[in-house]
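The first residue of the sequence shown is numbered 1, and numbering continues consecutively from there.
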Amino acid sequence: MTAVSTGVVYVHSSPRALSPHVEWAISRVLGKGITLSWSPQPILPGSQRAEYAWQGPVGSASKIASELLGWEQLRFEVTEDAAPGIDGGRWCHTPSLGIFHTPVDAAGNMVITENRLRAVLDFAGNDADLLRTGISRSLGEAWDAELDTFRYASDMAPVRWLHQVG
């Protein structure tokens, strides 16, 4: 029996002409036809945005991200939830930065792996500014900074209010 996972595909901006191709790519990975609910992306006239909560075999998120990499104009994020014994993950792509991936634990925290930390320390040496730069890259801060504009650009984007209780 194949382990099942869940996640979300966020297409933050796609040229209209690519919309059916994006749907076909996700459908190929998941092994079933899907249709995305597209809405205008006001931050980039002529482009669209969509979200899709998916369920499929473990590892589907990396395959979806790989499929979507074929179109450099896309801005997207793909997440895969952690499951017992299986790490989750997050893949982000922007035309200017390329792809970013990080493992995600069961609590939703990004995980910086031992090898990535060693590489950051080697990169930084004794320079605190380079250490900050390496940690920032490891956390994908540049991707978040670029994608935040697209995440919140639409008045029709879902908003989740969080309130402190207690």
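Ring pair Trp24/His21 is perpendicular by interplanar angle, where above 60° counts as perpendicular and below 30° as parallel. Ring geometry, His93 versus Phe76: the interplanar angle falls under 30°, so the pair is classed parallel (tilted spans 30 to 60°).
Counting only heavy atoms from C-beta outward, the side chains of Ile135 and Leu117 never approach each other to under 4.5 Å. With a 4.5 Å cut-off on side-chain heavy atoms, Glu72 and Pro95 do not count as touching. For the pair Asp87/Val111, no side-chain contact is recorded, criterion being any heavy-atom separation below 4.5 Å from C-beta on.
Between Asp81 and Gly7 the shortest heavy-atom distance is OD2-N, 4.0 Å. Nearest heavy-atom pair, Leu30 versus Ile34, reported as atom, atom and distance to 0.1 Å: CD1-CG2, 4.5 Å. Ser14 and Ser19 make their closest contact through OG-N, 4.0 Å (heavy atoms, listed as atom of the first residue, atom of the second, distance). Across Arg49 and Pro40, no two heavy atoms sit closer than the pair CD-O, 3.6 Å. The shortest non-hydrogen separation linking Ala50 to Trp38 is CB-CE3, 3.6 Å. When every heavy atom of Asp144 is checked against every heavy atom of Leu139, the shortest pair comes out as OD2-O, 4.4 Å.
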One pair to check against side chain to side chain contact (heavy atoms under 4.5 Å, CB included): Leu44 and Phe150. What are the steps and the verdict?
CA-CA 8 Å; Leu44 189 62; Phe150 291 86; 4.1 Å; yes
Kindly list each side-chain donor-acceptor pair under 3.5 angstrom involving residues 53-62, sequence neighbours excluded, with atom names and distances?
unit_1 : atom_1 : unit_2 : atom_2 : d
Trp54  : NE1    : Thr79  : O      : 3.3
Ser60  : OG     : Pro57  : O      : 2.6
Ser62  : OG     : Gly59  : O      : 2.9

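Side-chain N or O atoms of Trp143 include one that pairs as donor or acceptor with a backbone N or O of Gly98 at under 3.5 Å. For the pair Glu23 (side chain) and Leu36 (backbone), a donor-acceptor distance under 3.5 Å is present.
The distance from the CZ atom of Phe100 to the CD atom of Glu146 is 13.5 Å, given to the nearest 0.5 Å. Rounding to the nearest 0.5 Å places CG of Leu131 at 6.5 Å from CG of Leu121. In this structure, the separation between OG1 on Thr133 and CD on Glu141 is 10.0 Å, given to the nearest 0.5 Å. With rounding to the nearest 0.5 angstrom, the CD atom of Glu80 is 8.0 Å from the OG1 atom of Thr6.
Remark: Glu114 engages Arg118 in a salt bridge, criterion side-chain N to carboxylate O under 4.0 Å.
Note on Ile99 and Val29: same hydrophobic cluster, where clusters join Ile, Leu, Val, Met, Phe, Trp and Tyr whose side-chain heavy atoms are under 4.5 Å apart, directly or indirectly. Residues Ile26 and Leu18 are members of one and the same hydrophobic cluster, defined by side-chain heavy-atom contacts under 4.5 angstrom among Ile, Leu, Val, Met, Phe, Trp and Tyr. Criterion: ILVMFWY side-chain heavy atoms under 4.5 Å apart, direct or through other members. Under it, Val104 and Val8 are not part of a common hydrophobic cluster. Follow the hydrophobic side-chain contacts under 4.5 Å out from Ile43 and you never reach Tyr10; the two are in separate clusters. Put simply, Leu74 and Leu147 are part of two different groups of oily side chains (I, L, V, M, F, W, Y) that touch within less than 4.5 Å, one to the next.
Under the 3.5 Å distance criterion, with hydrogens and angles disregarded, no donor-acceptor pair is assigned to the side chains of Ser13 and Gln41.
Under the side chain to side chain contact (heavy atoms under 4.5 Å, CB included) criterion, Ser138 pairs with Ile112, Arg116, Val120, not counting sequence neighbours.
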